[in-house]
2 protein chains.
Amino acid sequence: MTQERDHPDNVDGLLEGTLSWYIRSLDSLVSRDLDRRMARLPVARGKGKITALLLVDDHPGIRPSAIATVLMRDRPTTGRIVERLVEAGLIRRQVAGDDQRAQSLTVTEQGRTVAAQVRAIIREQERDFFAHIPADERRQFHRILKQSYHVLRAGLT
Amino acid sequence: MTQERDHPDNVDGLLEGTLSWYIRSLDSLVSRDLDRRMARLPVARGKGKITALLLVDDHPGIRPSAIATVLMRDRPTTGRIVERLVEAGLIRRQVAGDDQRAQSLTVTEQGRTVAAQVRAIIREQERDFFAHIPADERRQFHRILKQSYHVLRAGLT
DNA sequence: CAAAAAGGTTGTCTTTTGCAACCAATGCCC
DNA sequence: GGGCATTGGTTGCAAAAGACAACCTTTTTG
């Protein structure tokens with residue numbers, strides 16, 4: 001049987017059908033779509049920027065190093081993300097009151113507005129993307145994802 | 001309650017607790033771990049390389065453009081991945097018999113060996129990483145991932 | 001009080017990826 | 001059959017992300 005001529009639709013079961021492969025592919029699909037949806041916003045082209053903005057919005061006074069931990073990026077990288085958010089006028093950077101070397105990040109008015117838009121888009125995407133999954137399965141899917149994340153994160157040490 | 005001072009452990013439920021966020025983070029964790037495990041192999045540092053090698057191994061005679069489709073990368077990018085695999089002596093690149101402009105890729109002996117090792121590592125990772133999920137849940141998790149992948153891929157058009 | 005550690009910044013380098021342009025072969029269609 | 005669009009691959013930028021090392025400042029520790 002010579003089924004190799006066109007591209008393999010039947011990737012499943014062969015070997016790429018591993019959890020890690022699907023996770024990777026799904027991430028790619030989700031990220032591209034999100035980029036497209038965010039195109040008009042001043043946080044476009046930013047995997048890190050989006051998360052950082054939302055984190056600052058949710059945790060006023062958060063420090064860059066904390067963001068770095070969540071993003072799993074090093075400090076220089078995170079610092080540059082913060083830098084761009086400040087330049088874009090979305091967040092404010094002040095010296096932390098209790099620690100002169102640290103910074104306290106807060107959203108600006110515009111930042112709050114954009115954050116709200118970002119959230120809306122994310123929820124919209126979530127609705128569109130996973131509409132095909134029944135509610136109860138989606139809940140379980142979410143639960144397993146969350147749990148895996150925490151278990152694996154913890155395992156890093 | 002002012003739980004903002006140190007870094008947010010309780011990311012869940014706040015806002016990053018979206019499917020897309022967990023998928024992204026999980027991908028990051030899985031990829032890093034895989035890189036670490038593959039470090040000794042000649043396909044290290046390659047998200048694309050690994051998949052490409054396995055595809056060639058599974059589909060002897062496959063063409064680069066078919067690999068590009070699976071990888072969701074453009075042809076130049078894929079071409080370079082193939083190039084590196086050829087340089088590494090893992091795959092062979094010949095002119096396709098039925099189409100003079102196309103290429104027919106096959107694994108070398110070494111390629112077959114490495115592919116087997118890669119598969120072993122992937123299965124090992126899968127075992128380690130998702131050991132905390134009960135078998136039946138894991139099966140469902142897998143199913144939903146697979147289904148989502150196909151639905152979203154199809155939606156690209 | 002000295003040394004170590006923590007928070008950020010700057011500089012640099014590598015890797016990855018995409019886009020545009022190009023060549024060669026194939027297919028279409030009149 | 002001959003011209004024209006298409007397909008498969010390659011090459012050449014160019015941009016972006018990310019990592020690592022080195023550095024300065026402040027805080028903590030012993």
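The chains referred to below are lettered A, B, ... by the order of the sequence lines, with proteins before strands, and numbering in each begins at 1.
- Here the P atom of nucleotide D/dG12 and the CZ atom of B/R75 are 19 Å apart, to the nearest Å.
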Can I get a per-line list of side-chain donor-acceptor pairs under 3.5 Å for residues 109-116 of chain B, giving both atom names and the distance, sequence neighbours left out?
| from | atom 1 | to | atom 2 | distance (Å) |
| --- | --- | --- | --- | --- |
| B/T113 | OG1 | B/E109 | O | 3.1 |

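- Dashed line: the shortest gap from a side-chain N or O of B/S65 to OP1 or OP2 of D/dT7 is not under 4.0 Å.
- Counting any heavy atom pair closer than 4.0 Å across all strands shown, A/E83 reaches no nucleic acid atom.
- Residues B/E124 and B/D128 form a side-chain contact, since some pair of their non-hydrogen atoms from C-beta on lies under 4.5 Å apart.
- Proximity of B/R84 to the phosphate of C/dT16: a side-chain N or O atom is located under 4.0 Å from OP1 or OP2.
- To the nearest angstrom, P of C/dG8 lies 10 Å from CZ of A/R93.
- Interatomic distance, A/K146 NZ to B/W21 CH2, rounded to the nearest 0.5 Å: 11.0 Å.
- Regarding B/E87, its CD atom lies at a distance of 14 Å from the C1' atom of D/dT10, rounded to whole Å.
- Mapping A/K49 and B/Q103 onto DNA chain D by nearest heavy atom places B/Q103 closer to the 5' end of the strand.
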B/E83 and B/R93: side-chain contact (heavy atoms from CB on, under 4.5 Å), yes or no, with the steps? CA-CA 9 Å; B/E83 180 66 25; B/R93 186 164 41 174; 2.8 Å; yes
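- Put simply, CG on B/L71 is 16 Å from P on D/dG8, counting in whole angstrom units.
- Using the six-membered ring where Trp is involved, A/Y22 and B/H142 have ring planes that are perpendicular, over 60° apart on the 30 and 60° scheme.
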Would you mind building the protein contact string for nucleotides 17-29 of chain C? One character per nucleotide, 5' to 3', B for base within reach (heavy atoms under 4.0 Å), S for sugar-phosphate only, - for untouched. SBBB----BS---
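- In this structure, CZ in B/R24 is found 10.0 Å from CG in A/L71, a value given to the nearest 0.5 Å.
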